[in-house]
Structure formats: structure tokens, C-alpha cells
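Working notes, structure below.
Counting from 1, the numbers follow the sequence of the chain as shown. Please read these numbers as outputs of a predicted model, since none were measured by experiment. Computed over heavy atoms, backbone and side chain alike; hydrogens, waters and symmetry mates excluded.
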Amino acid sequence: MMMRIQASTRYALRILQYLYGKGNRTVKAGELSGQLGLSSLYTAKVLGKLKESKVVRSEQGCYGGYRMASPAEKVSVYEVFIAMEGDFVLYEPKADGPEDGAEQTIREFFDGIENAMVFTMRRMTLKKLFDMGKELPEGAKRGKGESVLAAAR
């Protein structure tokens, strides 16, 4: 079993990365779905959640579309994560009675992991995250999470 974020969260970050790469100009939903290979319905669903959480804003009219509501250096990965996933809970203790010592030890262990993840996501701004991809030469890949986590510290 693998712990992973929802696909909608990954695509929300890709949409925001695309908007950031366009200098945050207004981009039509059709352009986003076409460039990212998403259905227009799925793109609209993701944009709707991002708009509801005030991460993006929409502009009406023939030149309308979507843009980031705040500069990328003011938005954390955590804000996007919560917008798409809701509350973040790694471990829920048993609901059928009081917590005993063993249950408390296990909960505290997972609470520590959860706190570290939240801390890391809150420190990582969208600008930092998206600019890291610009540092890599064409076709190069980082080791699994190696410098991304260092940048969040």
C-alpha cells in the first residue's frame, strides 16, 4: 500500500505551475486542459476548488479566464493541499473507547510525521517549488525528493 495525494491535488499544482509559467496572465480553462492533457470537465472541477479556496480567481468576458489570486511567493503548497484534499490526518485512533498507552504511543508517532509534513508544505511556496524545476538541465532528473526537501527547510 502506498500513501499518496489525490490526482486532483497533483493537477491543481500543475495548473498553478502553468499559470505561474505564463507570468500569471489570464488563461482560459480550455488552454489549461489542452496543455495539461486533462478533460475540460476535470479541469473545471479542479479550478472550482481552487477558486472556492481563493487560490485562483476567474475573470469574465471574452478575455477572461483564470489567474492566481496571490503571487506565487505568498501561497504555500499546504494551502493548495488543503484546498484540494481538506483536513490532513495520517492516523485516527480507535473510536470504540478511551485511548490506552499503546494507542497513544502510536498516535503520537504518526502525529509527529504529520506535523513534519505540514511544516514542510507550509514552508514551501509555489514560487520556490516551481522555480526548482527551472534549475534542472533539459532531460535531467533529481533523485527522489533530494533537493526539493532541502529547499523547504
Side-chain angles (χ1 to χ4, degrees), residues 1-59 64-96 99 103 106-136 139-153:
M1 181 179 189
M2 182 182 280
M3 187 172 58
R4 65 179 72 190
I5 63 170
Q6 297 176 26
S8 60
T9 303
R10 290 194 315 271
Y11 288 121
L13 288 166
R14 293 293 311 282
I15 286 169
L16 293 167
Q17 185 177 36
Y18 187 83
L19 293 174
Y20 177 72
K22 293 294 183 182
N24 199 28
R25 71 170 173 81
T26 303
V27 177
K28 295 190 180 301
E31 179 180 339
L32 288 166
S33 60
Q35 291 296 314
L36 299 175
L38 302 171
S39 73
S40 55
L41 185 63
Y42 194 74
T43 302
K45 176 184 166 189
V46 171
L47 286 167
K49 283 187 172 186
L50 291 172
K51 183 180 172 189
E52 184 180 304
S53 299
K54 297 181 176 31
V55 175
V56 299
R57 68 174 188 239
S58 64
E59 296 180 9
Y66 292 87
R67 63 180 24 216
M68 292 176 64
S70 299
E73 58 270 12
K74 296 197 183 247
V75 182
S76 71
V77 171
Y78 183 72
E79 291 172 72
V80 178
F81 182 88
I82 292 301
M84 301 308 297
E85 309 243 354
D87 287 336
F88 179 55
V89 178
L90 271 181
Y91 183 81
E92 291 190 33
K94 61 183 181 182
D96 61 348
E99 184 176 80
E103 184 78 25
I106 294 167
R107 180 187 48 77
E108 287 173 355
F109 171 75
F110 283 103
D111 284 351
I113 294 170
E114 181 180 314
N115 290 338
M117 292 172 74
V118 169
F119 177 79
T120 302
M121 286 191 287
R122 283 188 177 182
R123 288 189 45 102
M124 180 62 75
T125 66
L126 295 182
K127 178 178 178 21
K128 259 199 257 184
L129 179 64
F130 300 155
D131 284 351
M132 284 190 305
K134 295 176 182 176
E135 297 169 4
L136 291 175
K141 291 186 179 182
R142 259 188 284 285
K144 201 171 188 178
E146 66 183 294
S147 66
V148 175
L149 289 177
R153 293 185 187 126

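For the pair K22 and Q35, the minimum side-chain heavy-atom distance is 4.5 Å or more. In this structure, M84 and I5 have side chains that are not in contact, with every pair of non-hydrogen atoms separated by 4.5 Å or more. Within the 4.5 Å cutoff, side-chain heavy atoms of L126 are placed close to those of V77.
Under the side chain to side chain donor-acceptor pair (under 3.5 Å) criterion, S33 pairs with no residue, sequence neighbours left out. Residues that satisfy the side chain to side chain donor-acceptor pair (under 3.5 Å) test with Y91, not counting sequence neighbours, are E103. For E59, the side chain to side chain donor-acceptor pair (under 3.5 Å) test picks out T26, R67, with sequence neighbours left out. The side chain to side chain donor-acceptor pair (under 3.5 Å) test applied to S8 returns Q6, not counting sequence neighbours.
Within 6.0 Å of the CZ atom in F81, the count of heavy atoms belonging to other residues, nucleotides or ligands exceeds 12. Residue K28 places its NZ atom among more than 12 non-hydrogen atoms of other residues, nucleotides or ligands, all under 6.0 Å distant.
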May I have the step-by-step check of side-chain contact (heavy atoms from CB on, under 4.5 Å) for L38 and V46, ending in yes or no? CA-CA 10 Å; L38 302 171; V46 171; 5.9 Å; no

Carefully, step by step, assess I113 and L90 under the rule side-chain contact (heavy atoms from CB on, under 4.5 Å). CA-CA 8 Å; I113 294 170; L90 271 181; 3.5 Å; yes

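The CE atom of M68 lies 11.0 Å from the NZ atom of K127; values are rounded to the nearest 0.5 Å. We find the CD1-NZ distance between I82 and K49 to be 11.5 Å, quoted to the nearest 0.5 Å. The line from CZ of R10 to CG of L36 is 13.0 Å long, rounded to the nearest 0.5 Å. Note: Y78 OH to M117 CE = 11.0 Å, rounded to the nearest 0.5 Å.
Counting all heavy atoms, side chain and backbone alike, A72 lies closest to Y20 at CB-CD1, 3.6 Å. Contact between K54 and A69 at its shortest, heavy atoms only, is O-CB, 3.3 Å. Residue Y42 comes nearest to A7 through the heavy atom pair OH-C, 3.5 Å, listed as atom of the first residue, atom of the second, then distance.
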Sequence neighbours excluded and cut-off under 3.5 Å, please list the side-chain donor-acceptor pairs for residues 12-19, or say none.
from : atom 1 : to  : atom 2 : distance (Å)
Y18  : OH     : E31 : OE2    : 2.5

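Residue pairs meeting the salt bridge (Lys or Arg N to Asp or Glu O under 4.0 Å) criterion with at least one partner in residues 111-120, sequence neighbours excluded, are R107-D111.
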